[in-house]
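Heads up, the thing below is written out as structure tokens.
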Amino acid sequence: MSKTILIVGAGGQIGTELIPHMQQLYGEDHVIAAELRPQVCEKLSEKVRVECLNALDARAYASVIKKYRPDWIFNLVAVLSATGEKDPQTAWHVNMGALLNSLELAREYKCGVFTPSSIGAFGSNTPSNGTPQDTVMRPNTIYGVCKVSGELLSDYYYSRFGVDTRSVRFPGIISHGTLPGGGTTDYAVEIFYAAVKGESYTCPIPHNSYMDMMYMPDALQACSGLIEADPSRLKHRNSFNITAMSFCPRELYEVIRRRVPDFKMTYRVDPVKQAIADSWPDYMDDTCAREEWGWNPVWDIDAMADDMLRNLKVKLLK
Ligand code: SER
């Protein structure tokens, strides 16, 4: 069945690739992008219908909803983990404000809301190897506090008001399109840019720090797979553990060096990022997502590295 999808915060790492993914599934006219930054809006408008919107402005947001009457809102507005620590008050204001507006409008205009949660929702007293779906969640970053609060608020809107809220806990997402900004897992993207440009890379994360990761095509599949899932099979909603691979900087470096033998990497560990990475899972158990809606990632570290290098060569060396 066709659906109309409104992607809010559409100019970021996930949004820019979710747009063509959703257009392919539901048709070009059924996808609307909303984005705050005018220059980014202009760029996006080459490919999709765009509304320049500050998602914290409830009135303006409501008029976009009334105009398009979407079936699903993808609320991708987010200040990520490392940036959040520089200004926690703004991170809370932006992350929670956009979510609350999305949920309220979904309640009023009867649509679903997909909001990404994150590995950042976990903290240092969470079991970090095979992190269970349902476990201790006491994060010590403002980003994580927002993610846990967002999960609870989204489940509340489902049980209290019947809003169809669904979410996944994304790991670090690796892609060759738009760069991520201000995350702890960004190193796993930046390293590829350095390798392709023939530069050496200075890694801010300790060589042996494991985190869950995922290649963008699997992340997009998770977005569409979960909104298409049969609701009667969902025992969980906000939010599902999902992962595709887990590695540390040293392992990723080795994988790249097998393909780019001259590539050099050194370390200058950022203590803020180190503390965040240490508090996150090494790898999550995503059995519930597999059982309840058929989550089944296809990209591993080698296939991802081949594809990243191939695409970045085209993008950067033209
Ligand atoms: N990629 C995010 C970050 O590092 C995690 O969800 O902040």
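Order of appearance sets the numbers: ligands from 1, and atoms from 1 within every ligand. Keep in mind the model is a prediction, meaning the values are calculated, not measured. Residue numbers count from 1 along this sequence.
In this structure, Glu28 contributes its side chain and Val48 its backbone to no donor-acceptor pair below 3.5 Å. Under a 3.5 Å cut-off, the side chain of Ser128 and the backbone N or O of Asp282 do not form any donor-acceptor pair.
Partner of Gln133 under the side-chain contact (heavy atoms from CB on, under 4.5 Å) criterion, chosen from Lys235, Glu292, His236: His236. For the side-chain contact (heavy atoms from CB on, under 4.5 Å) test with Ile73, the passing option among Asn101, Val8, Ile7 is Val8; the others fail.
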Using a cut-off of under 3.5 Å, which N/O atoms of ligand 1 pair up with protein N/O atoms, and what distance separates each pair?
{"from": "ligand 1", "atom 1": "1 (N)", "to": "Thr185", "atom 2": "OG1", "distance (Å)": "2.8"}
{"from": "ligand 1", "atom 1": "4 (O)", "to": "Ser81", "atom 2": "OG", "distance (Å)": "3.4"}
{"from": "ligand 1", "atom 1": "4 (O)", "to": "Thr184", "atom 2": "N", "distance (Å)": "2.6"}
{"from": "ligand 1", "atom 1": "4 (O)", "to": "Thr185", "atom 2": "N", "distance (Å)": "3.1"}
{"from": "ligand 1", "atom 1": "4 (O)", "to": "Thr185", "atom 2": "OG1", "distance (Å)": "3.3"}
{"from": "ligand 1", "atom 1": "6 (O)", "to": "Ser118", "atom 2": "OG", "distance (Å)": "2.6"}
{"from": "ligand 1", "atom 1": "6 (O)", "to": "Tyr143", "atom 2": "OH", "distance (Å)": "2.9"}
{"from": "ligand 1", "atom 1": "7 (O)", "to": "Ser81", "atom 2": "N", "distance (Å)": "3.1"}
{"from": "ligand 1", "atom 1": "7 (O)", "to": "Ser81", "atom 2": "OG", "distance (Å)": "2.6"}

Can you give me every donor-acceptor pair (side chain of residues 110-122, partner residue at least two apart or in another chain, under 3.5 Å) with its distance?
{"from": "Ser117", "atom 1": "OG", "to": "Glu151", "atom 2": "OE2", "distance (Å)": "2.6"}
{"from": "Ser118", "atom 1": "OG", "to": "Gly120", "atom 2": "N", "distance (Å)": "2.7"}

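Between the side chains of Thr165 and Ser154, no donor-acceptor pair is found at a separation under 3.5 Å.
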